[in-house]
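One structure is given here, and the rest of the page talks about it.
None of these values were measured; they are calculated from a predicted model. One-based numbering along the sequence shown. What's counted below: heavy atoms across the whole structure, side chains too, no hydrogens, waters or symmetry copies.
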Amino acid sequence: MKTTPPLFTITTISLLIFLSLLTPSLSQTCNKNDEKVLFQIKKALGNPYLLASWQKTLDCCQWYNVECDLNTSRIISLTIFQGNISGQIPKQVGDLPFLQTLVFRKLTNLTGEIPIAITKLTQLKTLRLSWTNLSGPVPSFLSQLTNLNFLDLSFNDLTGSIPSELSKLTNLGALHLDRNKLTGVIPDSFGTFTGNVPDLYLSHNHLTGTVPKSLGYLNFTVIDFSRNNLTGDLNMFFGSNKTIQIVDFSRNSFMFNLTDVVFPSSLTSLDLNHNKIFGSLPTMLTGLNLQYLNVSYNRLCGQIPQGGDLQSFTTYEYFHNRCLCGSPLPACT
């Protein structure tokens, strides 16, 4: 025999159905101050199609290119990537006080200098302004963003010298200044990073002078100084107590004796091509797990040590040296 459901059950079901109809409005959690700022940013960028989802009819936490904190509903990430956007980085980005990630990337019509308003983003951890046409200097005021753990300003038109103040970023895990038009020397202060020792990417610039010996006091993991006009010795980066894994010093004017260099067991990639390095290849290279090696276009002599991974590379990685010989090059005579 069928029984009639209790009145309170019917009421409860009706209430749940009613609430489900209200779900869209109940999910409108976007902070109104953040929403206002985002609309200002959109306007400053000329209302581009990339930001078409930024509409009043949709909660801003649901917009593309932004992310809200699940607990506070404040904007914590603004990522504008690969779109037809012209103009400059809007100063209004500094009015998103809870921002942790700021990305303007692969926007070839983005021009101008890096705005000082970014220094208001005291919680910023990731700053990526890359593959744009930003110009002007690398601002020293970026050192005020003490929570940064990733700074990428690569593939731009930045000029001038590298500010020594960047060494104050004690939480930095990686610093990308590569593919710009930077001049001058590598700051001596880069040997005074405390806390994290960042991976350093300074390639494809116009840097000159010798690499500061102070950098040898630190244990780097990745260094890329390739395609500059740097000179001098690089011995300070190597040694049995070092932890360096990937180094690219190619296409500079480094000049030093490679014979007695002690490479750490951690080393997996070594690129020294197109320099003025002399001496012979150390036998200890045969004991390393090398995934990449290139010593071509130097002034090396003697037999290539036999064993390990050294014969897995082609003649291309060894040729154009003064008198280097042995497999994979022709036999020594």
To the nearest 0.5 Å, tell me how far [X] [atom1] sits from [Y] [atom2].
X      : Y      : atom1 : atom2 : result
Ile41  : Lys36  : CD1   : NZ    : 13.0 Å
Gln245 : Thr243 : CD    : OG1   : 7.0 Å
Leu124 : Ile76  : CG    : CD1   : 11.5 Å
Phe190 : Leu215 : CZ    : CG    : 8.0 Å
Cys301 : Arg322 : SG    : CZ    : 6.5 Å
Lys213 : Asn235 : NZ    : CG    : 10.0 Å

Task: Member of Leu107, Ile89, Thr111 meeting the side-chain contact (heavy atoms from CB on, under 4.5 Å) criterion with Leu134 - done: Ile89
Task: Candidates Asn219, Thr221, Ile223 - the one meeting side-chain contact (heavy atoms from CB on, under 4.5 Å) with Ile244 - done: Ile223
Whether the side chain of [X] engages the backbone of [Y] through a donor-acceptor N/O pair (distance < 3.5 Å, no angle test) should be reported.
X      : Y      : result
Asn321 : Leu324 : no
Gln311 : Gly308 : no
Asp224 : Ser226 : yes
Asp260 : Asn257 : no
Asn31  : Asn33  : yes
Gln303 : Ala331 : no
Gln306 : Ile304 : yes
Asn205 : Asn180 : yes
Asn196 : Asn149 : no

When you look at [atom1] of [X], are more than 12 heavy atoms from neighbouring residues, nucleotides or ligands closer to it than 6.0 Å?
X      : atom1 : answer
Tyr217 : OH    : no
Tyr64  : OH    : no
Tyr292 : OH    : yes
Asn241 : CG    : yes
Asn84  : CG    : no

Identify whether [X] and [Y] are in the same connected component of the hydrophobic contact network (ILVMFWY, side-chain heavy atoms under 4.5 Å).
X      : Y      : value
Phe256 : Leu230 : yes
Tyr201 : Val211 : no
Leu129 : Phe81  : no
Tyr297 : Leu310 : yes
Leu175 : Ile246 : no

- [ ] Show your reasoning for whether side-chain contact (heavy atoms from CB on, under 4.5 Å) applies to Leu102 and Ile118.
- [x] CA-CA 9 Å; Leu102 177 61; Ile118 287 178; 4.2 Å; yes
Can you run down the salt bridge (charged side-chain N to carboxylate O under 4.0 Å, His left out) pairs that involve [range], sequence neighbours left out, and say none if there aren't any?
range            : answer
residues 95-124  : Asp95-Lys120
residues 235-254 : none
residues 134-153 : Arg128-Asp152

Task: Any side-chain heavy-atom pair of Val93 and Phe104 under 4.5 Å - done: yes
- [ ] Can you run down the ring pair (Phe, Tyr, Trp, His ring centres under 6.0 Å) pairs that involve residues 149-170, sequence neighbours left out, and say none if there aren't any?
- [x] Trp131-Phe155, Phe150-His176
With sequence neighbours left out, write down each residue that passes salt bridge (Lys or Arg N to Asp or Glu O under 4.0 Å) with [X], or none if nothing qualifies.
X      : answer
Lys43  : none
Glu317 : none
Asp309 : none
Asp34  : Arg74

Which atom pairs, donor and acceptor, lie under 3.5 Å between side-chain atoms of residues 159-173 and protein residues at least two apart or in another chain?
{"residue": "Ser167", "atom": "OG", "partner": "Ser164", "partner atom": "O", "Å": "3.0"}
{"residue": "Ser167", "atom": "OG", "partner": "Ser189", "partner atom": "OG", "Å": "3.4"}
{"residue": "Asn171", "atom": "ND2", "partner": "Thr146", "partner atom": "O", "Å": "2.9"}

Mind listing the side-chain donor-acceptor pairs of residues 270-278 below 3.5 Å, one per line with the distance, residues two or more places apart or on another chain?
{"residue": "Asp271", "atom": "OD1", "partner": "Asn273", "partner atom": "N", "Å": "3.2"}
{"residue": "Asp271", "atom": "OD1", "partner": "Asn273", "partner atom": "ND2", "Å": "2.5"}
{"residue": "Asp271", "atom": "OD2", "partner": "Asn273", "partner atom": "ND2", "Å": "3.4"}
{"residue": "Asn275", "atom": "OD1", "partner": "Asn252", "partner atom": "N", "Å": "3.3"}
{"residue": "Asn275", "atom": "OD1", "partner": "Ser253", "partner atom": "N", "Å": "3.3"}
{"residue": "Asn275", "atom": "OD1", "partner": "Phe254", "partner atom": "N", "Å": "3.0"}
{"residue": "Asn275", "atom": "ND2", "partner": "Phe249", "partner atom": "O", "Å": "3.0"}
{"residue": "Asn275", "atom": "ND2", "partner": "Leu272", "partner atom": "O", "Å": "2.9"}
{"residue": "Asn275", "atom": "ND2", "partner": "Asn273", "partner atom": "O", "Å": "3.3"}

Task: Donor on one side chain, acceptor on other, Thr208 and Asn229, under 3.5 Å - done: no
Open item on the list: Could you tell me if Ser214 and Asp188 have a donor-acceptor pair between their side chains, going purely by distance under 3.5 Å?
Closed with: yes
Open item on the list: So, using side chain to side chain donor-acceptor pair (under 3.5 Å) as the criterion, who are the partners of Thr315 when residues are at least two apart?
Closed with: none
Task: SG(Cys325) to SG(Cys332) below 2.5 Å - done: yes
- [ ] Decide, based on the SG atoms alone, whether Cys61 and Cys68 are under 2.5 Å apart.
- [x] yes
Open item on the list: Run Leu142 and Leu153 through side-chain contact (heavy atoms from CB on, under 4.5 Å) and show every step you take.
Closed with: CA-CA 11 Å; Leu142 294 178; Leu153 304 179; 3.9 Å; yes
TODO: Could you walk me through whether Leu200 and Phe225 pass side-chain contact (heavy atoms from CB on, under 4.5 Å), step by step?
DONE: CA-CA 8 Å; Leu200 276 182; Phe225 293 165; 4.3 Å; yes
Task: Centroid-centroid distance, Phe39 to Trp63, less than 6.0 Å - done: yes
Task: Candidate pair Thr132 and Asn156, rule side-chain hydrogen bond (donor to acceptor under 3.5 Å, both in side chains), full reasoning - done: CA-CA 5 Å; Thr132 75; Asn156 285 299; 2.4 Å; yes
Open item on the list: Checking one residue: Val185. Which other hydrophobic residues are in its cluster under the side-chain 4.5 Å linking rule?
Closed with: none
